[in-house]
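Quick caveat: nothing in here was measured; it's all calculated off a predicted structure. Every chain is numbered from 1 and lettered A, B, ... according to where its sequence line falls, protein lines coming before strand lines.
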Amino acid sequence: MSLKDRKRFEPLEVEPRIVQRWLESGLFHPEPEGTAAENYSIAIPPPNVTGALHMGHALNGSIQDALIRYHRMGGAHAKWILGTDHAGIATQTQVEKRLKGEGTSREEVGREQFIRRTWEWREEFGGTIIEQFKRLGASCDYGDERFTLDEGYVKAVLKVFVDLYEKGYIYRDNYMVNWDPGSGSAISDLEVEDREVTDTLFHIAYPLTDGTGEVVVATVRPETMLADVAVAVHPDDPRYQDLVGRTVTLPLVGRELPIIADEYVKTDFGTGCLKITPGHDPNDFEIGRKHGLDELSAIGEDGRMTDLVPEYAGLTIAEAQAKVVADLDARNLVRAREPYLHTVPFSHRSGERIEPLISLQWFMRMDELAKPAIEAVREGRVKIHPESQSRRYLDWLENIRPWCISRQLWWGHQIPVWYRGEETYVGAQPPEGDGWTRDPDVLDTWFSSALWPFATLGWPDDTPHLRAFYPTDVLSTARDILFLWVARMVMMGLEFAGDIPFEHVYVHSVIQAPDGRRMSKSLGTGIDPLALIEGGPRPPVFTQGGTFPAYGADAVRFGLLAMSSTQDVRFSEEKVAQGQALANKLFNASRFVLLNVDESATPAPSTATIEDRWILSRLQAAKADFGARIEAFDFSKAALGLYDFVYGELCDWYLELIKSREYDAALSGHLLHVLRETLLLAHPVIPFVTEELWDNLPGTDGLLAAARRPAVDEHLRDPDAEHGIERVIATVQAVRSWRDASGVKPGEFLEAQMAGLDGLEPLCARLARLTPVDAGGREPVATIPVAGAQVDLLTGVDPAEAAAKVEAQREHLRKEIALVQRKLANEGFVAKAPEAVVAKEREKLARYEAELEALES
RNA sequence: GGGCGGUUAGCUCAGCUGGCCAGAGCACUCGCCUUACAAGCGAGGGGUCCUCGGUUCGAGUCCGAGACCGCCCACCA
């Protein structure tokens, strides 16, 4: 169907078709030519293979695509590095679920078979999110898709591990870790989230060994007392001065525990006595190491009691707690119990309560690597936007702690370490000889993600891709992985790729549900971007229910960009609707042009009339503004500025101003030119509708996505034309407003004599529906004041209503005049305010007075 | 406990280094089928800019105190 017969932009019909054309063009797959300084690249935060597109992906995709398309149209070789993350725990959990459904388990099928099954799973489901990115219009390099477990990537990971081991940064140690019973693995501090829980706080009496009394300690974990090795008090606590150095006898166990002094103990909490359990509490662990205490484990990695105290061996934690309390009660040693609300660590992944345990793990020392990463941001080589985030980055790196990098999983990069008796071998290739067994653990997924910007480009080989696209330009991400991922990429990039991984880090908003809660599937507050694009059901957070209209990808992209900010924002369906309105408006404006124009005309700017000069001038302003906003990562202003130009200038005024003109070659060419440039301008934000229109526009070849954006032409800026059209707009609005208030039909032509418009009368007359006449001495029935001009109406107005209207207008003017006069009468103001400000006030006064005078006559 | 951000129209948000007659989109009211778009067009109503104090000729904008909301970090058993 011809564009002229299509009254609306129908995204569901158009967008899939456009995606195909883009993909077939090969445009998104740039050859590795030139240097990274000339080229433009962004490495996508790799979504989990298990993932489906959520609002965060959609927002970040819209941001990155706007950047990539903008720079591609600026003439750069632009590569958006694409791929997915193997996501150790998440993926393993999915496959385990599937095995469970088949009546089997990970343990039953064995490691090799399990990994094979996981690859199969990935083949089947891993492409989902990639397809969804295509639907969004994201111009990623789909021809070069990477995976954090593909062959080349594994090579990079192993090399990094071995190098860091050889440098002495990676070591094995017994240490307190966050044990996640859900996944049966240690997890890092960053994967832990705190939740509020009400527990019972037990006050338990520990008798002094010499029988002279007791000390009372408070705990919410009585079962861990089996592994107690000391009792601590504050060194300055007057109550316990004489206890330090003596011992207590641990009830139920009989072990003699020293009473030690440590400043960690709070004198104002509980009894001021603290049981020390280095095996099961991170703080106690620190104190234990400081004082050289034993590290005993009462709870094992299976979540059951160890045989440390045989009568409890094998019990679950809950059972053990019940038994310990019962046994203490039997001995009358529980002095008090009270409900206690506190925060407790839970696994971010499995949702289970973290069990702090001592375990033999691989660690990575971070302080040496942190130093250059701190410098890079301090010196501005890596710039974080908004700037306030760099403080958080620096604070974290300055207080960095060793990173536990081993995970007790099967799906991931298996640690390249082999053991044979007392021997340890570390290397990218298995050791020679027999009898070696490989460490069963895999690396934390973030270890491999940390190499993303260079491992995806072929590192450790010196590849053309690496030379052409590393360092990348921008890394766009949410705040929550600033430490987990961004900081580590900077460290690894500097250490291994020899340069920063990206020049700019853009930290985007988190989009919250419309009610201000976090978007989450389980809360029912999640909004599926595809439901917005294609018209799916509204989730329960929306009060209105029903289904979304099929807004289309352009609308969603526009809406998300318009919503985005430097802080978290609530989802606003209105902004998406605004995007849809913009796409449709542009579509219809193009139809209007094509319906009227001489299609054989050559697109070329014309300066024939003041409105032509005006729109060219405004177009340059819009281009300059949009570019500056994009470069400054101010996507909201970029999108809304586009809207304002298309709606508020191009459609509302320019197209209306030209309607009575003859569409000769000059005007036709000019309209085609303005439209072309508008499409070029808007494409990074709303790529689909602009591409579709481009295809229908005479004189365009090839894809808009591949076209070059023309520079801002400063010669086309025209302040006189801008001022003139501003006056036309003010006049037309004044007349319309007057009509509306006076009850005069909008369509009725009124005779009027205009003054002070310097030749702009015909433009004003047409849009205001006035018939210009010479009053020839007739008294006007009404006078409409406009800035610097005057319109006398000679017909069509009820004199009484007009008089009332005039009086109201006078009243308003008198108030404004009084205000300005008061300001100017203030000596302080005149003396101290900048001259320009004072002049502006004087000018304002003169204008109001002139308008008032016109009304008085 | 420490740090950061926010509080502007019914809703979601703009308002830079102080000069604002305080804006936008949506919602609302009124009027229009004006030959691109009625999912449209035009015109309106609507705000003690959280509170109190201060600086200044002038404060939504700067300073101080407080209230409330959100996030991050560290966490007292």
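Residue-level contact check: Val220(A) touches the backbone only, with heavy atoms under 4.0 Å from sugar-phosphate atoms and none from bases.
Going from atom NZ of Lys585(A) over to atom C1' of A36(B) covers 8 Å, rounded to whole Å.
Arg517(A) and Thr525(A) are not linked by any side-chain donor-acceptor pair at a separation below 3.5 angstrom, with hydrogens and angles left out of the test. Between Ser509(A) and Asp568(A), the side chains place no donor N or O within less than 3.5 Å of an acceptor N or O (distance only, hydrogens not considered).
Checking A36(B), U12(B), A14(B) against the side-chain heavy atoms of Arg591(A) singles out A36(B) as nearest. Side-chain proximity of Arg736(A) to G42(B), A77(B), U12(B): nearest is G42(B). When distances run from any side-chain atom of Lys7(A) to the nucleotides G25(B), A38(B), A77(B), the shortest one goes to A38(B).
For an aromatic pair to be called close, the ring centres must be under 6.0 Å apart, and Tyr506(A) with Phe635(A) satisfies this.
For Glu574(A) against A24(B), no side-chain N or O and base N or O form a donor-acceptor pair under 3.5 Å. If you check distances only, the side chain of Asp740(A) never reaches the base of G44(B) with a donor-acceptor pair under 3.5 Å. Between the side chain of Lys659(A) and the base of A36(B), at least one donor-acceptor pair of N or O atoms lies under 3.5 Å.
For the P atoms, the distance linking G58(B) with C41(B) amounts to 45 Å, nearest Å.
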